[in-house]
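To start, the structure itself, in structure tokens.
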Amino acid sequence: QMQLVESGGGLVQAGDSLRLSCAASGRTFSSYSMAWFRQTPGKEREFLGCISRSGYSTYFVHSVEGRFTISRDNAKNTVILQMSSLNAEDTAVYYCAASRYYGVTAVNEYDYWGQGTQVTVSS
């Protein structure tokens, strides 16, 4: 079992950067690929990107590629989403999630979820 807790959300202006953190409980963090999703009211939860167990591989959807990066520190049970060049369309609740597999994009392919953290970008 894992518990995930996101933090770092807030209100920023368009063009700003923001760093989100996801802290995992337990001793099995390094056994999971980690991903970030986001969700806006009335829309399905949207996959953004993921990172492999070792942290050597990452994958991003086109809408955030080049602006967002994912990193992890397995010694600290932490995964980071670094966001830059934010715009109003990035406004959403951001979630981290854990999967036994790397590169999967569907919500039902992830086993554990955080509670989400709100990111609001004003334009």
Side-chain angles (χ1 to χ4, degrees):
Q1 293 280 11
M2 290 184 62
Q3 292 184 337
L4 305 174
V5 180
E6 303 94 337
S7 62
L11 174 64
V12 298
Q13 295 182 340
D16 283 355
S17 297
L18 196 65
R19 179 184 175 94
L20 304 183
S21 296
C22 175
S25 66
R27 301 172 61 187
T28 61
F29 178 71
S30 63
S31 297
Y32 288 85
S33 174
M34 301 296 297
W36 288 92
F37 291 73
R38 67 186 179 190
Q39 188 169 25
T40 56
K43 291 189 63 179
E44 297 294 316
R45 195 163 297 186
E46 175 190 15
F47 172 84
L48 298 176
C50 56
I51 187 167
S52 63
R53 294 170 180 82
S54 66
Y56 287 138
S57 298
T58 58
Y59 167 75
F60 302 93
V61 297
H62 179 73
S63 61
V64 303
E65 186 178 14
R67 299 190 297 120
F68 291 10
T69 61
I70 301 174
S71 60
R72 68 189 296 164
D73 187 338
N74 288 343
K76 297 180 179 179
N77 279 19
T78 301
V79 61
I80 301 296
L81 179 66
Q82 180 67 50
M83 304 182 291
S84 63
S85 301
L86 289 166
N87 57 67
E89 295 182 348
D90 296 315
T91 295
V93 177
Y94 284 71
Y95 299 88
C96 65
S99 175
R100 295 289 296 173
Y101 304 97
Y102 171 68
V104 293
T105 62
V107 168
N108 64 4
E109 294 172 307
Y110 284 81
D111 301 313
Y112 302 103
W113 294 86
Q115 84 290 343
T117 185
Q118 176 72 46
V119 173
T120 303
V121 184
S122 64
S123 60

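FYI, side chains are in, hydrogens and waters are out, and symmetry mates aren't considered; it's all heavy atoms of this structure. Note that the structure is a prediction, hence the values are computed from the model and not measured.
A donor-acceptor pair under 3.5 Å is formed between the side chain of Asn77 and the backbone N or O of Gly26. Checked by atom type and distance alone, the side chain of Thr117 never pairs as donor or acceptor with a backbone atom of Tyr94 at under 3.5 Å. Put simply, the side chain of Ser52 gets close to the backbone of Ser57: a donor and an acceptor are under 3.5 Å apart. With Glu6 contributing its side chain and Gly116 its backbone, the two residues share a donor-acceptor pair below 3.5 Å. Within the 3.5 Å criterion, the main-chain N or O of Ser17 finds no donor-acceptor partner in the side chain of Ser84.
Considering only heavy atoms from C-beta on, Thr91 stays 4.5 Å or farther from Thr40 through its side chain. Between Val119 and Arg38, every side-chain heavy-atom pair lies at or beyond the 4.5 Å cut-off. Between Leu20 and Met83, the closest side-chain pair of non-hydrogen atoms falls below 4.5 Å.
Between Tyr59 and Phe47, the ring planes lie parallel to each other; the angle is under 30°, not in the 30° to 60° tilted range.
For the atom pair CG (Leu81) and OG (Ser21), the distance works out to 9.5 Å, reported to the nearest 0.5 Å. For the atom pair CG (Leu11) and CD (Gln118), the distance works out to 9.5 Å, reported to the nearest 0.5 Å. Note: Tyr32 OH to Asn74 CG = 13.5 Å, rounded to the nearest 0.5 Å. Of the inter-residue distances, the one linking Arg72 atom CZ with Cys50 atom SG reads 10.5 Å to the nearest 0.5 angstrom. Rounded to the nearest 0.5 angstrom, Glu46 CD and Gln39 CD are separated by 10.0 Å. Atoms OG and CG, from Ser123 and Asp90 in turn, are 11.0 Å apart once rounded to the nearest 0.5 Å.
Follow the hydrophobic side-chain contacts under 4.5 Å out from Val5 and you never reach Tyr95; the two are in separate clusters. Taking hydrophobic clusters as Ile, Leu, Val, Met, Phe, Trp and Tyr residues chained together by side-chain heavy-atom distances below 4.5 Å, Tyr112 shares a cluster with Tyr110. The hydrophobic cluster containing Ile80 does not contain Phe60, counting ILVMFWY residues as joined when their side-chain heavy atoms lie under 4.5 angstrom apart, directly or transitively.
Taking each heavy atom of Glu109 and Thr105 in turn, the nearest pair found is OE1-N, 3.2 Å. Across Val104 and Ser99, no two heavy atoms sit closer than the pair CG2-OG, 3.6 Å. Closest non-hydrogen pair, Tyr101 versus Ser33, comes out as O-CB, 3.4 Å. Nearest heavy-atom pair, Leu4 versus Cys22, reported as atom, atom and distance to 0.1 Å: CB-SG, 3.9 Å.
Other residues, nucleotides and ligands contribute only 12 or fewer heavy atoms inside 6.0 Å of the CD atom of Gln3. Around atom CD of Glu89, no more than 12 heavy atoms belonging to other residues, nucleotides or ligands sit under 6.0 Å away.
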Discussion item. Would Val79 and Ile70 count as a side chain to side chain contact (heavy atoms under 4.5 Å, CB included) here? Give the steps.
Written reply: CA-CA 7 Å; Val79 61; Ile70 301 174; 3.7 Å; yes
